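Below is one structure, written out as structure tokens; comments come after it.
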Amino acid sequence: MDKQAAWETLKQQAVGHFGPGTVFGEGPLDARLTIVGEAPGQQEVEAERPFVGRAGRLLDQVLEAAGIDRADIYVTNTVKVRPTIEKDGRLKNRPPRAGEIRAGLEVLLPELRLVAPPVLVLLGNVPAKALINRAFTMGSDRSVWSESVLGTPAIATYHPAYLVRLRGTDFERTRELVVSDLVAAWERARDAADGD
Ligand code: URA
């Protein structure tokens, strides 16, 4: 089976397992860089695409600032369905539970093995704890290269949903850190591709 067919099969298996609200990864299957987020939100479920809502628009902006075209990278999530909680009669996002992360990893790991990017960027604690180390903390381990559980070099940075909540100089400073982590990842990915 070729790579595209294997990817379609994996996606169909994920939809079969998690149901109609499943949001699978997207992007070129030979991407030099893969970005892994946490879990889809409402807009992602509606569009059936990762990172298309508010956090997604911010992700697009920081990628552009880092000189990375989103069309050149693969983007996916740790958890494939939206974790929700009902509040005042409305469904809100909530952090994924350990069991949901484990279930997501059963799809994410084969997905990443298939795409096999030379470099991973992990947005926020959920993918960083799942793919680097459960003891990961953003305060001390952000921007540090680690070997992921797949053996692929990985760098973790702040999640755009965190950035969205910041204001003024906090926002500017944190945004710059994210951009510089993305630049470092893109350079490493380019070096890996040049070494092919
Ligand atoms: N946050 C994520 O982690 N992933 C998405 O796809 C959207 C928001």
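Worth saying up front: this structure is predicted, and the values here are computed from it rather than measured. Order of appearance sets the numbers: ligands from 1, and atoms from 1 within every ligand.
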* Please write down residue, atom name and distance for the protein heavy atom closest to atom 4 (N) of ligand 1. => Asn77 OD1, 2.7 Å
* Distance from atom 2 (C) of ligand 1 to nearest protein heavy atom, with residue and atom -> Ala39 O, 3.0 Å
* **Derivation of the side-chain contact (heavy atoms from CB on, under 4.5 Å) call for Tyr162 and Thr174** => CA-CA 9 Å; Tyr162 170 70; Thr174 312; 4.0 Å; yes
List ligand 1 atoms under 4.0 Å from [X], heavy atoms only on the residue side.
X      : result
His159 : 1 (N), 2 (C), 3 (O)
Gly37  : 3 (O)
Glu38  : 2 (C), 3 (O)

* What is the minimum heavy-atom distance between Val36 and Pro127, and which atoms define it? -> O-CG, 3.4 Å
* Is Leu29 reachable from Val23 through a run of hydrophobic residues whose side-chain heavy atoms are each under 4.5 Å from the next? -> no
* **Glu44 contact mode with ligand 1 (heavy-atom cut-off under 4.0 Å)** => side chain
* Side chain, backbone, both or neither: the part of Pro160 lying under 4.0 Å from ligand 1 by heavy atom -> neither
* If you count the non-hydrogen atoms of other residues, nucleotides and ligands that lie under 6.0 Å from CZ in Arg102, is the total more than 12? -> no
* Asked: Looking only at N/O atoms, are Phe51 and ligand 1 under 3.5 Å apart anywhere?
  -> yes
* Asked: Are Lys80 and Glu106 within salt-bridge range, i.e. N to O under 4.0 Å?
  -> no
* Asked: What distance do Trp7 atom CH2 and Asp2 atom CG have between them, rounded to the nearest 0.5 Å?
  -> 12.5 Å
